[in-house]
Amino acid sequence: MSVTELQRVQSHTMSNEEAEASTGAIHGWGFTPTGDPPPTSVVSNETPKSRCLPEAITKGWKRTTLFGILVLLMILIFLNIALTLWIVSALRLSMKGVGPIKIIKNGIQLEGQAWIVDNLVASTIMSQFAQPITLHSYRNFTILVSEPNHTELAKMFIKRDSIEYSGRKFEVYDAKGGNVFHASREEVRVFADAFAVDGEGGLTVNSAIQAPLVRAPPSSKLQLESLTRRLDLRAPQSIYLESRAGGIEITSHSDINLDSIVGAIRMDAPNIVIDYLKIANTTVKPQKYNRANKVYQLCACASGKLFLAAPDALCAIPENDTELCR
């Protein structure tokens with residue numbers, strides 16, 4: 001190569017380097033010139049962004065927001081799980097029921113105590129095996145049986161110092177199912193071997209009492225007393241008074257009348273004693289066998305009044321008598 005050609009190549013190379021320096025294009029080994037003109041620098045009035053936040057947040061804010069939402073959801077899930085476990089432990093929830101309340105085949109079984117705030121509706125309430133049942137109320141306790149239209153059929157109202165029951169009838173049964181007590185508007189019955197009333201006042205009946213047998217308990221006396229009115233003993237067939245170990249006393253302030261309309265009044269006893277009868281003094285000369293007037297005749301006046309007379313005298317009284325038959 002001649003000197004002239006070498007100068008041309010150097011000048012051409014220098015012109016290319018000057019062109020690259022002016023245009024900003026990079027040429028050299030390993031690069032292929034594109035020939036495209038470089039982009040012109042655009043002058044912008046925008047201020048540069050703040051560099052206070054980390055580059056990871058400002059660069060990928062969508063990913064950061066997604067991660068934050070996931071963390072918040074995980075916290076809420078853990079809180080719900082903890083709250084659920086606390087409720088389960090507090091209420092003692094199980095597969096059989098809630099705490100002391102267990103669901104069984106025929107209903108609900110409760111162990112311990114239960115507080116009823118308003119009303120309790122149930123068909124049957126029974127205690128556990130060999131365990132008592134207690135219903136406690138601070139004020140009043142009411143048991144009500146009604147129809148679907150709220151019509152009251154029976155009601156038992158337990159107050160602080162009394163028990164009230166309203167219904168058609170009230171019945172009490174024993175353990176074997178037998179009748180013990182029956183009360184209704186028509187009658188009151190006591191199904192027992194003995195109806196005992198203890199106390200000084202006894203039993204007070206305003207109208208009438210009907211019973212097949214009236215007797216006193218052992219070692220006690222029986223008194224039938226009317227304080228202000230009369231006492232009547234009536235029976236369709238007979239009235240039988242018996243005292244097996246003692247006597248029977250009938251005391252009256254006024255008269256005692258024994259009336260028999262059809263039959264008779266019979267006194268069957270080995271001794272009949274009538275005290276305090278008046279004696280008619282009609283015998284002038286008593287006989288020797290009179291035994292000091294210890295034996296008398298029993299005489300009766302036309303009015304039915306009885307008096308005694310001497311055995312050897314007539315049952316007669318003077319005309320001016322004012323004591324024997326008055």
Practice task
Please report the shortest heavy-atom distance between Tyr165 and Ala154, naming the atom on each side.
Solution key: OH-CB, 3.9 Å
Completion exercise
Taken to the nearest 0.5 Å, the spacing of Ile158 CD1 from Thr142 OG1 works out to 8.0 Å
Practice task
Check side-chain contact (heavy atoms from CB on, under 4.5 Å) between Leu135 and all other residues, then give those that pass, not counting sequence neighbours.
Solution key: Phe141
Handout entry: Residue list, ring-ring contact (aromatic ring centres under 6.0 Å, His included) with Phe157, at least two apart or on another chain
Key = none
Handout entry: For Lys159, all residues meeting side-chain hydrogen bond (donor to acceptor under 3.5 Å, both in side chains), sequence neighbours excluded
Key = Glu164
Fill in the blank from the handout: In terms of heavy-atom contacts, Gln131 and Ser127 come closest through O-OG, 2.9 Å
Practice task
Supply the members, apart from Ile133, of the Ile/Leu/Val/Met/Phe/Trp/Tyr cluster built from side-chain contacts under 4.5 Å; use none for a lone residue.
Solution key: Ile116, Leu120, Ile125
Problem - Any side-chain heavy-atom pair of Leu298 and Leu306 under 4.5 Å - result: yes
Problem - Euclidean distance, Ile250 CD1 relative to Ile248 CD1, rounded to 0.5 Å - result: 7.0 Å
Handout entry: Heavy-atom side-chain proximity of Val180 to Tyr173 below 4.5 angstrom
Key = no
Can you give the donor-acceptor pairs under 3.5 Å from side chains of residues 70-93 to other protein atoms, not counting sequence neighbours?
unit_1, atom_1, unit_2, atom_2, d
Asn80, ND2, Leu76, O, 3.2
Thr84, OG1, Asn80, O, 2.7
Ser89, OG, Leu85, O, 3.1
Ser89, OG, Trp86, O, 2.8

Problem - Contact list for residues 166-178, test salt bridge (charged side-chain N to carboxylate O under 4.0 Å, His left out), sequence neighbours left out - result: Lys169-Glu171
Handout entry: Set of residues satisfying ring-ring contact (aromatic ring centres under 6.0 Å, His included) with respect to Tyr138, sequence neighbours excluded
Key = His136
Exercise for the section: May I ask you to decide if Lys102's main-chain N or O and Gln109's side chain share a donor-acceptor pair within less than 3.5 Å? Expected result: no
Practice task
Can you tell me which residue pairs pass the salt bridge (charged side-chain N to carboxylate O under 4.0 Å, His left out) test with a partner in residues 135-156, sequence neighbours excluded?
Solution key: none
Practice task
Consider only side-chain heavy atoms of I, L, V, M, F, W and Y, link residues closer than 4.5 Å, and tell whether Leu144 and Phe170 are in one cluster.
Solution key: no
Exercise for the section: For Asn149, enumerate each residue passing the side-chain hydrogen bond (donor to acceptor under 3.5 Å, both in side chains) test, keeping only those at least two apart in sequence or located in another chain. Expected result: Thr151
Problem - Over 12 foreign heavy atoms within 6.0 Å of CD1, Ile103 - result: no
Problem - Side chain to side chain, Ile163 and Met156, heavy atoms closer than 4.5 Å - result: yes
Completion exercise
Here the salt bridge (charged side-chain N to carboxylate O under 4.0 Å, His left out) pairs for residues 249-269, sequence neighbours left out, are none
Practice task
Kindly write out the residues that satisfy side-chain hydrogen bond (donor to acceptor under 3.5 Å, both in side chains) with Glu187, not counting sequence neighbours, or none if the list is empty.
Solution key: Arg189
Practice task
Please identify each residue that fulfils ring-ring contact (aromatic ring centres under 6.0 Å, His included) with Phe191, with sequence neighbours left out.
Solution key: none
